[in-house]
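Index from 1, following the sequence.
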Amino acid sequence: MKSDKNLLQGNVRKTFYRYLVPGMSATIMLSANYFIDTLCIGQKLGEEGLAALNLAWPITTVLYALGYLMGAGSGARYSAYMARGEKDKAKGIYTGALLTLVAIGLIITAAAVIFIEPLVTLLGGTGSIRPGVTDYVFWVVVFAIAYMADCFYTSVLRNDGTPKLSMAATLMACMVNIVLDILFIWVFDWGMAGASLATSLAVATSTVFGVLCTFRKKSGLKLNFAYLKISEVVWTAKVGMSAFLTEIDSGLVTFVYNTVLIRIAGSESTTAVAVYGIVVNVNTIVLAAITGITNSLQPLASASFGAGFKSRARQFLSEARKFALIFTIIVVIFIEWKAELIVTFFLEPGDAFLSQAAGAVRIVAVSYLLASINMLTVSYFQAIQSFVQAAWGSIFRTLLLPVVFVISGAVLFDVSGVWTASICIEVTTAAILWFMYPCVQKNTGMIKEGDVS
């Protein structure tokens, strides 16, 4: 790995920020692909376009999550092995994860293309917005491997000590997506299919760049079949499970929210789903930035833990928490102040729609304060290979609690209860992680004194 000495012995704060800037930039630009689609579709196709895009979004997040499952899992293990000087084993981890990703991608593409109509129905694509959902989902599943590999290489390049290349890959995808969205949606007037094809070609470009980066002489990301074992792939998936669940959060939650809103909003369901489409976009950008912080922490804490420098791993967590708290406070203040302006970025709303959307955005924004700390804690658990606790933390936050609070919120308080659910989810997750944290520290030896820093 490049710069092992600086990573393990350099100034903690300087090393963290060296990873932070490209790490946050990469995840924000990755989420910008969806954000750009939404801007173009909202301005061109209005509420129905936003609703169709939001219904199709869970498919994209599933693919991204699978990419992070293999990418974050192999990345954490790759960093640890490289820090110990076991380069052949590190290459074997990378090889197994890459081959698994390709196999999963091929299966998803074949199955989804064959069963696309039932899939669209499951997502809630009915009535006038069904063709738009179908058009968008089709090109996403055709390029399933590219969506997965985009996130995979974002993770492994960063763990290979080249965070700037990781950032460059996502920047390239973002720029390609902007150009193709304008061309396909506004010039060729291809609608939802054009938006989907633009994003799909953009992530494919990023994937090709990531593959080419592995051919660099200094890159440790080389294929090595000698250490290729199914048991190692399973272990990689276990380590990456928390990252998978964290990333799939938006997709699972979006699916639950969409289903509940369609049921309780009745004839106004398209408007309600469109409002949530804006909420999801704000969520996507903010949580992507927070994910960038967690992604910056992970290789640093993983390498420090793997090399036995446990106090240094704790110091990286402390730096990440400080930055995340300051960042989210600034973001929440801005959203509360300018919620109406944010809504008008996406479309030209009527007064009623503007009021609903701005209110929803403001309520959900409060949850970001605790979301940043929760996501960092789970990432830290993953980095020090406490994958069981990391996975359970993610399961509670991304699956169990959303189902409980969204449904109960809708039953008790109608649509306003749906928006308030996000706050309840993060508060409860924080309490659960607060109880987990001391046990994880003790079980991994992280609370022992005398570590080399």
Side-chain angles (χ1 to χ4, degrees), residues 12 16 20 72 76 238-250 252-253 256 283 286-287 289-298 300-302 304-305 310-332 363-406 408-409 419-449 451:
V12 168
F16 172 71
L20 177 67
K238 288 180 178 180
V239 174
M241 184 57 67
S242 63
F244 168 83
L245 293 170
T246 298
E247 181 61 29
I248 209 171
D249 169 29
S250 59
L252 290 173
V253 172
V256 172
N283 264 350
V286 176
L287 296 183
I290 297 172
T291 299
I293 304 172
T294 67
N295 287 348
S296 302
L297 168 68
Q298 180 265 308
L300 299 173
S302 290
S304 298
F305 179 78
K310 296 180 180 179
S311 64
R312 186 174 177 82
R314 295 196 303 271
Q315 290 169 25
F316 280 124
L317 174 62
S318 177
E319 286 295 328
R321 282 176 170 171
K322 290 175 185 176
F323 179 85
L325 184 59
I326 294 172
F327 171 79
T328 50
I329 288 174
I330 294 172
V331 167
V332 171
I363 292 172
V364 175
V366 177
S367 68
Y368 301 149
L369 294 170
L370 277 176
S372 61
I373 302 302
N374 291 339
M375 291 168 67
L376 275 172
T377 303
V378 170
S379 181
Y380 176 70
F381 289 172
Q382 174 194 333
I384 61 176
Q385 300 192 28
S386 293
F387 64 86
V388 173
Q389 291 84 353
W392 274 111
S394 293
I395 288 171
F396 275 110
R397 180 176 175 271
T398 63
L399 180 59
L400 301 181
L401 296 179
V403 171
V404 171
F405 285 117
V406 171
S408 60
W419 309 136
T420 308
S422 59
I423 300 174
C424 299
I425 292 166
E426 299 299 346
V427 169
T428 307
T429 301
I432 292 170
L433 294 176
W434 185 79
F435 281 106
M436 282 186 179
Y437 188 80
C439 295
V440 170
Q441 293 288 81
K442 182 178 180 180
N443 292 341
T444 57
M446 296 297 291
I447 59 174
K448 294 180 180 178
E449 298 299 326
D451 297 287

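- Atom CZ of residue R321 and atom OH of residue Y380 lie 8.0 Å apart, to the nearest 0.5 angstrom.
- Pairs passing the side-chain hydrogen bond (donor to acceptor under 3.5 Å, both in side chains) check and including a residue from residues 368-379, sequence neighbours excluded, read N283-Y368, N374-E426.
- The heavy-atom pair separating L325 from T328 by the smallest distance is O-OG1, 3.1 Å.
- Among all heavy-atom pairs drawn from I363 and I423, the shortest one is O-CD1, 3.5 Å.
- Rounding to the nearest 0.5 Å gives a distance of 4.5 Å between CZ of F396 and CD1 of I432.
- One distance of note links CG of L300 with CG of L317; it measures 11.5 Å at 0.5 Å rounding.
- Partners of L20 according to the side chain to side chain contact (heavy atoms under 4.5 Å, CB included) rule, which considers only residues two or more places apart in sequence or in another chain, are F16, Y17, M24, I293, S296, F323.
- Side-chain atoms of T428 do not come within 3.5 Å of backbone N or O of I425 as any donor-acceptor pair.
- Applying the side-chain hydrogen bond (donor to acceptor under 3.5 Å, both in side chains) test to S302 and every residue at least two apart in sequence or in another chain returns Q298.
- When all heavy atoms are compared, the tightest approach of V378 to A390 is CG1-O, 3.6 Å.
- The shortest heavy-atom contact between M436 and G393 is CE-N, 4.2 Å.
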Exercise. Under the side chain to side chain contact (heavy atoms under 4.5 Å, CB included) rule, what do R397 and M375 come out as? Steps first, then yes or no, please.
Key: CA-CA 9 Å; R397 180 176 175 271; M375 291 168 67; 3.6 Å; yes
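- The two residues T294 and T291 come nearest to each other via the heavy atoms OG1-O, 2.7 Å.
- Using a 4.5 Å heavy-atom cutoff, the side chains of I326 and I329 are not in contact.
- Between atom CZ of residue F305 and atom OG of residue S311 there is a gap of 12.5 Å, rounded to the nearest 0.5 Å.
- Here the straight-line distance linking atom CD1 of I384 with atom CZ of F381 works out to 7.0 Å at 0.5 Å rounding.
- No donor-acceptor distance shorter than 3.5 angstrom exists from the side chain of S304 to the backbone of A301, with no hydrogens or angles considered.
- To the nearest 0.5 Å, atoms CG (L370) and SG (C424) are separated by 11.5 Å.
- Between I395 and W392 the shortest side-chain heavy-atom distance falls below 4.5 Å.
- Summarising the geometry of V12 relative to F316, their closest heavy-atom pair is O-CE2, 3.4 Å, with the distance given to 0.1 Å.
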